[in-house]
There are 2 protein chains.
Amino acid sequence: MEEESDHLCLCCLRGIMPTISKKWAICIISELGRRPSMRFSEIMKDCGEISPKSLADVLKDLQDTGLIQRIAYSEVPPRVEYSLTDHGRDLRVAIGPLLKWAKQHNQLYMSYRKPELAHAPDI
Amino acid sequence: MEEESDHLCLCCLRGIMPTISKKWAICIISELGRRPSMRFSEIMKDCGEISPKSLADVLKDLQDTGLIQRIAYSEVPPRVEYSLTDHGRDLRVAIGPLLKWAKQHNQLYMSYRKPELAHAPDI
DNA sequence: CCGTATCCAGCGGGATACTG
DNA sequence: CAGTATCCCGCTGGATACGG
């Protein structure tokens, strides 16, 4: 009789890949984890080159997957705060080794981050 | 003065994401890590639903990135063996926590693996 | 300020047939 | 056996303009 509780299932990963493989997803999760919360325009600035549509798309996706939380305050001008859920925080920890591996092997083909953030600590 | 040697850089991850975010990449890396080497048709069978073109595409990509090694033997019929490089083996370890996270949160939207492999140990 | 609406180009990836 | 050659479709994501 096999013990499956410790086994890792690729099909589970497949479920989240369409979300986290999106161009800005991991960047946003990582940035978001460095602060309590961030506003739409703040995230846009930190990403550097993302369009409002693309950011809205990925934020909605991350929200639907339960990785981030969106809180809108009824003010004028409007204010919206984004933050990681526990789920998202766990993911951020889980991709730590992957980030570390990427750095060790120096897979530095391109950078989507602003130059002044390129060497900032991510985790 | 900041110590940056332990910092993790997202731009490094950006370099490898176009490769490992491909539909079958992680599946192949994981399967490949479970054996010394595999042949083209073996990988095709394990993936289950991949077309020869898609498999050739991703194998070439993984090879160009230095994650897998391709050895062709001059025989008839032709024989080609694929295996992980050290680089690829390190990556396989690095995505362990991510796979574990995915399983814990049961992101089970779909499975690209054959049913009989769906619950096999990946690592 | 925080997005939405619209349009559009690029590419990932499946189906199928064929070759050295 | 191990791919290549085509064709094609859908999704991602950028640009731009506009709305609550």
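Convention: sequence-line order gives letters A, B, ...; per-chain numbering from 1.
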In whole Å, what is the span from the [atom1] atom of [X] to the [atom2] atom of [N]?
X     : N      : atom1 : atom2 : value
A/M17 : D/dC11 : CE    : P     : 18 Å
B/K60 : C/dG12 : NZ    : C1'   : 16 Å
A/E81 : C/dG3  : CD    : P     : 11 Å
B/L59 : C/dG12 : CG    : P     : 15 Å
A/L55 : D/dA15 : CG    : P     : 14 Å
B/M44 : C/dT16 : CE    : C1'   : 12 Å
A/E42 : C/dG3  : CD    : P     : 13 Å
A/D57 : D/dC11 : CG    : P     : 13 Å

N or O in side chain of A/R79 less than 4.0 angstrom from C/dC2 OP1/OP2: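 For C/dC2, neither OP1 nor OP2 has a side-chain N or O of A/R79 closer than 4.0 Å.
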Are A/D46 and A/R35 ion-paired here, with the side-chain N under 4.0 Å from a carboxylate O?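 A salt bridge is present here (some side-chain N lies under 4.0 Å from a carboxylate O).
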Salt bridge or not between A/R34 and A/E31? Use side-chain N to carboxylate O under 4.0 Å. yes
From C-beta outward on [X], which listed nucleotide comes closest to its side chain: [options]?
X     : options              : result
B/P77 : C/dC1, C/dC2, D/dC1  : D/dC1
B/K22 : C/dG12, D/dG3, C/dC2 : C/dG12
B/R70 : D/dG3, D/dG14, C/dT4 : D/dG3
A/P78 : C/dC1, D/dT16, D/dA2 : C/dC1

Give [X] one of three labels, base, sugar-phosphate or nothing, depending on what nucleic acid heavy atoms sit under 4.0 Å from its own.
X     : answer
A/S54 : base
B/Y82 : sugar-phosphate
A/K53 : base

Residue whose closest nucleotide on DNA chain C lies nearer the 5' end, A/F40 versus B/S51: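 This one resolves to A/F40.
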Among A/L67, A/L62, A/L84, which residue satisfies the side-chain contact (heavy atoms from CB on, under 4.5 Å) criterion with A/L32? A/L84
Verdict with supporting geometry, B/R70 and B/V80, side-chain contact (heavy atoms from CB on, under 4.5 Å): CA-CA 7 Å; B/R70 178 188 187 273; B/V80 179; 3.7 Å; yes
Does the side chain of B/L59 come within less than 4.5 Å of B/Y82's, by heavy atoms? yes
